[in-house]
K.L.:
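The following block contains the structure, expressed as C-alpha cells.
Predicted model only: the values in this text are computed from it and were never measured.
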Amino acid sequence: MSTDDHAPLIELRGAQKVYGRGEARVAALAGVDLVIERGELVMVMGSSGSGKSTCMNILGCLDTPTAGEYRFAGVDVGALDRNQRTLLRRHYLGFVFQSFNLLARTTALDNVALPLVYRGVRARERRRRAQQALQDVGLADRADHTPAQLSGGQQQRVAIARALVSEPAVLFADEPTGNLDTERSREIIELLVSLNRERSITVVMVTHEPELAVYGSRVLVFRDGRIVADGPPAEVL
C-alpha cells in the first residue's frame, strides 16, 4: 500500500452511513465532505446521535461508509480489503479511548509495547521504543507499574504512549479526558497539544467540553449526520 505525501491526510467525499431499512432506516451520516491536513489538531463536537462517532469510526477504518469515498493519504480506503484496512490501522493510525483499555496485570512498559508485538518487532527493540514512548509522556519512572498502581491521569498517559509507540500519522482520541478530573484533563490535553506541535502528529479528538475544544486549531460540530460548523475555535464556539 503506497501513500501520497502530497495528498490530504484525510479526505471524505459525500460520505454516508445508513443503518436499517424501511421505517427503521437511520442515516447516521448524511453526506459529509471533510479534509484534514497533516499537522492539524481537530476537535470534534456534537450531541449523542449527531454522527461524530460514526464519522470517527470510518476515519479510523473501524467501519466503512454506505456511500461516498474515504481517502487516507491518497489511498482509496473503500478499495482495500479487510486485511489491508487492518494494516493501515496498524501502521498509520493510533487510538486513545475514554476507558484507557490497559491490560490490568501487565506493566506500563508491556502495555505500551503491545502494538509492536503485532507488527513483529523484536523484543529488545520493542522495549527500547516503549521506554522512549513512556519518556515522551513523562512516565519513564513508572515503566514497571501496573495500571492499579497508577492514577487515572497516569493510565491515560500510558494509553497515549501505547498509541504513539507505532509512530502513527494520526492520533484519534475519543473523549480521552472523560474519566478524569479537571486538573488531569488539562494535563492530558496539554500533552496532546505538545505532541501535535513538537512532533507534528495530526490529532483528531472528540470532546463535549468547550473549554478543551479551544485548544484545537480547528473545531468541527456535527448535527443530524452533517457537519454544521467548521473553523477556528474563536469562530465556532
K.L.:
Quick check: does any side chain N or O of Gln84 sit under 3.5 Å from a backbone N or O of Asp81, one acting as donor and the other as acceptor?
P.N.:
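Side chain of Gln84 to backbone of Asp81: a pair is present.
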K.L.:
Are any of the side-chain nitrogens in Arg13 or Glu69 under 4.0 Å away from the carboxylate oxygens of its partner?
P.N.:
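Glu69 and Arg13: salt-bridged.
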K.L.:
Once side chain to side chain contact (heavy atoms under 4.5 Å, CB included) is applied, do any residues pair with Pro232, and if so which ones, sequence neighbours excluded?
P.N.:
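Once residues adjacent in sequence are excluded, the partners of Pro232 under the side chain to side chain contact (heavy atoms under 4.5 Å, CB included) criterion are Glu235.
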K.L.:
Is the side chain of Asp174 donor-acceptor paired with the backbone N or O of Gln98 at a distance under 3.5 Å, no angle test?
P.N.:
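No, the answer is negative, given that no donor and acceptor are paired below the 3.5 Å cut-off.
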K.L.:
Assigning hydrophobic clusters by single linkage (Ile, Leu, Val, Met, Phe, Trp, Tyr; side-chain heavy-atom cutoff under 4.5 Å), is Leu41 placed with Leu59?
P.N.:
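The answer is no; the residues belong to distinct hydrophobic clusters.
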K.L.:
Could you tell me whether the side chain of Arg38 and the main chain of Ser200 form a donor-acceptor pair under 3.5 Å?
P.N.:
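No, because the side chain of Arg38 does not come within donor-acceptor range (under 3.5 Å) of the backbone of Ser200.
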K.L.:
So, applying side chain to side chain donor-acceptor pair (under 3.5 Å) with Lys17, which one of Asp63, Asn57, Thr54 is it?
P.N.:
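The option that passes is Asp63.
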K.L.:
Is any side-chain heavy atom of Phe222 closer than 4.5 Å to one of Ile227?
P.N.:
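In contact.
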K.L.:
Looking at Thr202 and Gly39, would you say the former's side chain and the latter's main chain have a donor-acceptor pair under 3.5 Å?
P.N.:
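Checked: pair present.
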K.L.:
Could you tell me which residues satisfy side chain to side chain contact (heavy atoms under 4.5 Å, CB included) with Arg142, sequence neighbours excluded, listed by chain and number?
P.N.:
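Only Leu139, His145, Leu150, Gln154 meet the side chain to side chain contact (heavy atoms under 4.5 Å, CB included) criterion with Arg142.
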K.L.:
Identify the heavy atoms of Leu103 and Pro147 that sit nearest to each other, and give their distance.
P.N.:
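That closest heavy-atom pairing would be O-CG, 3.5 Å.
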K.L.:
Can you check whether Val165's main-chain N or O pairs, donor with acceptor, with Arg129's side chain at less than 3.5 Å?
P.N.:
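Yes; judged by distance alone, with no hydrogens or angles, the pair exists.
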K.L.:
Taking the side chain from Ser47 and the backbone from Ser50, do they hold a donor-acceptor pair closer than 3.5 Å?
P.N.:
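Answer holds: no.
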K.L.:
Please check if the side chain of Arg90 supplies one atom and the backbone of Arg119 the other of a donor-acceptor pair under 3.5 Å.
P.N.:
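Here the side-chain-to-backbone pair does not exist.
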K.L.:
Please round to the nearest 0.5 Å and tell me the distance separating atom CD of Gln132 and atom CZ of Arg127.
P.N.:
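One gets 14.0 Å once the value is rounded to the nearest 0.5 Å.
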K.L.:
Are Leu62 and Ile10 joined in one hydrophobic group, where the rule is that I, L, V, M, F, W and Y side chains link up if heavy atoms are under 4.5 Å apart?
P.N.:
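Yes, same cluster.
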K.L.:
Quick check against the 3.5 Å criterion: does Thr207 have a side-chain atom that pairs as donor or acceptor with the backbone of Glu209?
P.N.:
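Confirmed, Thr207 side chain pairs with Glu209 backbone.
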K.L.:
Tell me if the CG atom of Asn101 is crowded by more than 12 foreign heavy atoms within 6.0 Å.
P.N.:
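Yes - once you tally the heavy atoms of other residues, nucleotides and ligands closer than 6.0 Å, there are more than 12.
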